[in-house]
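Comments concern the structure below.
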2 protein chains.
Amino acid sequence: MAEDIKTRLIEVAGEAFAAKGYDSVGIREICQKAEANVAAVNYHFGDKRGLYRACLQHAQSCRVEGLDQPVWPESYTAADKLRAFIRRMLEEKLNPDRPEWHQDLMLRELSRPSETCREFVESYIRPMAHTLGDIMQELFPQQEWTQQKWMIGFSVVGQVLFYQLQQPVIRILMGDEGFESLTVDGLTDHITRFCLAALGHGEPITVEPANSVETN
Amino acid sequence: MAEDIKTRLIEVAGEAFAAKGYDSVGIREICQKAEANVAAVNYHFGDKRGLYRACLQHAQSCRVEGLDQPVWPESYTAADKLRAFIRRMLEEKLNPDRPEWHQDLMLRELSRPSETCREFVESYIRPMAHTLGDIMQELFPQQEWTQQKWMIGFSVVGQVLFYQLQQPVIRILMGDEGFESLTVDGLTDHITRFCLAALGHGEPITVEPANSVETN
DNA sequence: GATTGATTAAAACGATCGTTTGAAACAACT
DNA sequence: AGTTGTTTCAAACGATCGTTTTAATCAATC
């Protein structure tokens, strides 16, 4: 566990907030896990809301690089960029160097309208949308940015986010072994080919016979 | 407002639970809006959790027909069925006859593992997955049901759910007018064509020049 | 009209919530 | 050693939580 109390509190509280929600976590529960006194929260963060804000800020500051202003290799085609974009989104959830609660907390904040939500969208989501929009522009150079391109972007991101937001459902539907047979490589490949084919920039999905994993 | 207190409590509490979460809503707040006494909750539902369960049950019992065991017209091709499936999923959110909180509450319950979540998946989601699986089977008759077909199904559903789960983000990204320019018809058409093209059962998406709505 | 059972109402219960208090512990410097 | 400023601690604060209690109200039956 971390040495200083402020860090410990943020890590413990962030995980709890992400898992159960702001109101469902008491500061006594947090402080007990963080081996701190209850007054530590108010002393270091002002109040509970301040601790929550600190968690959110910490999660945002640790976000994965490469989604907002990525630097692609020269040789990359638009298809390669799309594949890299999708992979990085998927990796963001599974990155072992980063606690899971970071993105969980941010996704929780994004799911309901608030001032924090707006700030997050502008500083975090909007650049991603711009990156994806540039890739789209490369796929359809002659066109303007219309409602349809928003929908295409949402089709890409929606597929990726499904595996992060609906994890419990997937686990029940596919079973534990079926769920754990999903890999970043496999998902990246599927989603990328699915999207490219839909956009006329790749061969349609070909269904292959049952492989080693039987998911019934 | 409804006549009997039990119904009023369920409607008021369900809306609040769906919007803010179980722990963030007090029974005094609920009873005030429902014009009931605080003791009414414990009298009619045992305790707060009982009221919550009643809300969940009510939401589930009012679910839209046609997703679990749909009856397609004889003339429908697999593509037609897929389109109808997607449309009904989209309509489920926008159905004016049904309060929004019904699906919001269910989606909230589905987002975290619990016994209720498992029951919901088995009674509500699994049949939908089966319906979608049958459509897939019709598109690829010779194949067996493998991990890949799960991923294809998730690609379909993920696109639809995005518009329900990420509504605040979409609203901020596209702006209010841009968001409100999205129609069930338009979304159904886009997602259906996107999926069919990806699966090699339709022409790829063609990007058209800017239409009447400028969403920048 | 009295009685019975079901429902509503006001008040209070103990528990827990976020927060504050005031003193103790600690470190750094004169 | 003494002083100063910072951090930690146990205890308690008032407020609110879900729940219970007790009495009042109502409807129906004898």
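Every chain is numbered from 1 and lettered A, B, ... according to where its sequence line falls, protein lines coming before strand lines.
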Check the distance between [N]'s [atom2] and [X]'s [atom1] and give it to me in whole angstrom.
X	N	atom1	atom2	value
A:Arg28	D:dA12	CZ	P	13 Å
B:Asn42	C:dC13	CG	C1'	13 Å
A:Glu35	D:dT8	CD	P	13 Å
B:Asp23	C:dG18	CG	P	11 Å
A:Ile30	C:dT16	CD1	P	17 Å
A:Gln32	C:dC17	CD	P	11 Å
B:Asp4	C:dA6	CG	C1'	14 Å
B:Leu9	C:dT7	CG	P	13 Å

>> Please compare B:Ile27 and A:Ala40 by the position of their nearest nucleotide in DNA chain D and report the one closer to 5'.
In response: A:Ala40
>> Using a 4.0 Å heavy-atom cut-off, does B:Ala39 contact any base of the nucleic acid, only the sugar-phosphate backbone, or nothing at all?
In response: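 Contact class for B:Ala39: base.
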> Just wondering, are more than 12 heavy atoms of other shown residues or ligands nearer than 6.0 Å to CD in A:Glu138?
Replying inline: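 Enclosed.
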>> Other residues, nucleotides and ligands only: do more than 12 of their heavy atoms fall within 6.0 Å of CD on A:Glu180?
In response: yes
> Parallel, tilted or perpendicular: which describes the rings of B:Phe194 and A:Phe194, with under 30° parallel and over 60° perpendicular?
Replying inline: tilted
> Does a nitrogen or oxygen in the side chain of A:His44 sit under 4.0 Å from OP1 or OP2 of D:dT6?
Replying inline: no
> Is the phosphate of C:dT8, meaning OP1 or OP2, less than 4.0 Å from a side-chain N or O of B:Asn37?
Replying inline: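 The answer is no; no side-chain N or O of B:Asn37 sits under 4.0 Å from OP1 or OP2.
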> B:Ile5 side chain: which of C:dA12, C:dT8, D:dT8 is closest?
Replying inline: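 Output: C:dT8.
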>> Under the criterion side chain to side chain contact (heavy atoms under 4.5 Å, CB included), I'd like the reasoning laid out for B:Asn37 against B:Ile5: C-alpha separation, chi angles, the key distance, then a yes or no.
In response: CA-CA 10 Å; B:Asn37 191 274; B:Ile5 293 199; over 6 Å; no
> Is there a salt bridge (Lys or Arg N to Asp or Glu O under 4.0 Å) between A:Glu92 and A:Arg98 once you walk through the steps?
Replying inline: CA-CA 8 Å; A:Glu92 201 166 18; A:Arg98 198 180 168 203; 3.7 Å; yes
> Nearest nucleotide by nearest heavy atom, which residue falls closer to the 5' end of DNA chain C, A:Asp47 or B:Tyr43?
Replying inline: B:Tyr43
